[in-house]
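Structure first, then comments.
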2 protein chains.
Amino acid sequence: MATRKEVALEAGVSTAAVSYFINNNGYLSQEKREKIAAAIKKLNYRPNLLAKSLKTNDSKQLVFICNEIRNPFHAEVAYGASSEAYKMGYMTMFCNVVDDEDYILKMCSYMVSGVFISTTIIRTATINKIAQMNIPVVILADRQRQGLDPSVTQITIDYDKAMGALVDHVLEQGKRRIAYVASSGMQDSARYDGKTKALFAHCQEKGIALNPNWFVEHATHTQAAYDAVQAKIFTQSDLPDAFICTNDATALGVIRAITDNGLRVPEDVIVTGFDNTVYGQMSTPRLTTIDLGTLNISRETVGLLLEKCQGKDVNGGVIDPLFIPRESTQVPQ
Amino acid sequence: MATRKEVALEAGVSTAAVSYFINNNGYLSQEKREKIAAAIKKLNYRPNLLAKSLKTNDSKQLVFICNEIRNPFHAEVAYGASSEAYKMGYMTMFCNVVDDEDYILKMCSYMVSGVFISTTIIRTATINKIAQMNIPVVILADRQRQGLDPSVTQITIDYDKAMGALVDHVLEQGKRRIAYVASSGMQDSARYDGKTKALFAHCQEKGIALNPNWFVEHATHTQAAYDAVQAKIFTQSDLPDAFICTNDATALGVIRAITDNGLRVPEDVIVTGFDNTVYGQMSTPRLTTIDLGTLNISRETVGLLLEKCQGKDVNGGVIDPLFIPRESTQVPQ
DNA sequence: CTGAAAGCGCTTACAG
DNA sequence: CTGAAAGCGCTTACAG
């Protein structure tokens, strides 16, 4: 690869002039412009963005952290985030890893412009260390975190409303034997997420006692959910009549497990999802779920992040969930 | 953020010594080591990886290009690729954009270590420009490309075998009225992909004339496939009795469209997918499909890429597909 | 209006 | 064994 120096030599100008040309600032005669343009073309020159980043102290790289890109919700967030970043001329580094603080901090050591966190399963201490590197951070998550560096912008989801709608709907269907399928562990308070908390609160309010034998943990994905439900629920003689699942991906695995045990959804057992993914819209039966406007919120969150990068003061927000009843919970009349 | 200079000052050593300490090379007395370690801790110092990259001419960043991260196949490849990169200490930049050459080349201008392309829909000229920047490139795609820079390593899929198995199976079910649902456009030769080509060849061999009215194009994803099939197929009076779909995600949308038109899968119409995603394993009916060992091949491809980065000579390969018959094509006896 | 020079935060060959 | 110095490819304040 040719460097700036070679271009300057070829064009018979200073290296500064080449810089001015490329960044379109400073004063440059028409004649020089043409010479430089010709030299760039001839040498097939491309500016080294890494060197530029070092000088300007900004790499125009965003880092995006999520814990499971194979979950269609996260894939949608990643899609929205990276396409918005693209539109604004930013690159996005992708991080699948949530528990290796050293790796995450390394990733942030490339003078990145900002960090977008889309997962609950990351330690507050890790987030704070990123913030202390003076990197703008936004987090899209399921609950307001305590003890977070005040510079971090939080965008949370109104889980009380969402889980309230789900629980009320389940009760309206005459079901009271509720199983809960979570992606996190129930006992581990660090991962005790907003959904779980809201579910428990609403059931208590409605006088429903949840059976701890029907809590399924660590159902991080479709296959894991299928396996966990088979192992933990269908080995019991006493069975639930409703499954509230942490997301659509999980719910699809649960429905398969139910069907494989000779029961029908929704006639025998009802199932709810979360996220309103396309797979839940297209499945048989279609999933009752919660819509968050995923694509839009991921885009808006990147927008917020980029405003922070420009030094603007930015407010977090709360996402209003929309309840969508479909076939997986309602027996046709 | 503290810099190397401040650490050196604090520890009372040269900046070179700090460098030796961090990279664990050169000679350093035990006493100095301890002083440096203390200074690093005290100042909460983190090396600027961008500056290091500029000096060493290698950023330890890989770029991963795919066209649709929301497709579960690509999500799986992204997952495998980035987790393998992580294991080897590399970062991965993620690129969703396939047709903006300028953006792609910019992304490669950060002294990236290598590029992993997982899409058919990218111009050969663009790939060659990356290769001409002396960046190692691997491409995981559906056909051997002509005119590619010889430095590029190609990993292709044996589509003849895969489509042959699918077509034979469909014919064995007594179906001869085959519709084809493609993610690309049929007429655009640049996007006329390996699957399509192989399908046509096999049908011709078997004496099956494909009806051009039953070619559905641009079904890039589940929703797009649903919409396209509704608009193009179910507006006709003459209907196919089998749908061969470019991938599982597409097939799920097609099944929904068929069902919404009052027909049953597989009793009235049969449907095949491709990729063996978890959604096809868990769907009702379960999808007949092709397995490629996606997770493994994405990991192996990254392994190959990293070997190339170390200057090794590396051979591409051909992936052997496995046919998996399931419920979506077989009426239970 | 223009270009020489300093400097971004690192690494490493080399002189002592 | 150790540190001063040059240099990676850029940008930009500043002297002329």
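The sequence lines fix the lettering, A, B, ..., with proteins before strands; numbering per chain opens at 1.
B:Phe21 places its CZ atom 14 Å from the P atom of C:dC10, with the value rounded to the nearest Å. Between the NZ atom of A:Lys55 and the P atom of C:dA6 there is a distance of 12 Å, given to the nearest Å. Across the protein-nucleic acid pair, A:Asp58 atom CG and D:dC10 atom C1' stand 14 Å apart, rounded to whole Å. The nearest whole Å value for the distance from the CG atom in B:Leu50 to the C1' atom in D:dC8 is 12 Å. Here the C1' atom of nucleotide D:dG7 and the CG atom of B:Asn57 are 13 Å apart, to the nearest Å.
Contacts between residues 3-13 of chain A and DNA chain D, defined by a heavy-atom separation under 4.0 Å, are made by A:Thr3, A:Arg4.
Residue side chain B:Lys52 does not reach the base of C:dG9 through any donor-acceptor N/O pair under 3.5 Å, judged by distance alone.
Closest contact between the side chain of B:Leu54 and the listed nucleotides C:dT11, D:dT12, D:dC8 involves D:dC8.
Not one N or O on the side chain of B:Ser19 forms a donor-acceptor pair closer than 3.5 Å with the backbone of B:Thr15.
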Can you run through DNA chain C from 5' to 3' and write each base as (, ), [, ], | or . depending on how it pairs? Watson-Crick or G-U wobble, both distances under 3.5 Å.
|||.||||||||.|||
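Under 4.0 angstrom from either OP1 or OP2 of C:dT11 there lies at least one side-chain N or O belonging to B:Asn23. Residue B:Tyr45 has a polar side-chain atom (N or O) positioned under 4.0 Å from OP1 or OP2 of C:dC10.
Defined by atom type and a distance below 3.5 Å, a donor-acceptor pair is missing between the side-chain atoms of A:Arg46 and B:Ser109.
Heavy-atom distances to DNA chain D give each of B:Thr56 and B:Leu28 a nearest nucleotide, and the one nearer the 5′ end belongs to B:Leu28.
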Identify all pairs in which a protein N or O lies below 3.5 Å from an N or O of nucleotides 13-16 of chain C, and state each distance.
from	atom 1	to	atom 2	distance (Å)
C:dA13	N6	B:Tyr20	OH	2.6

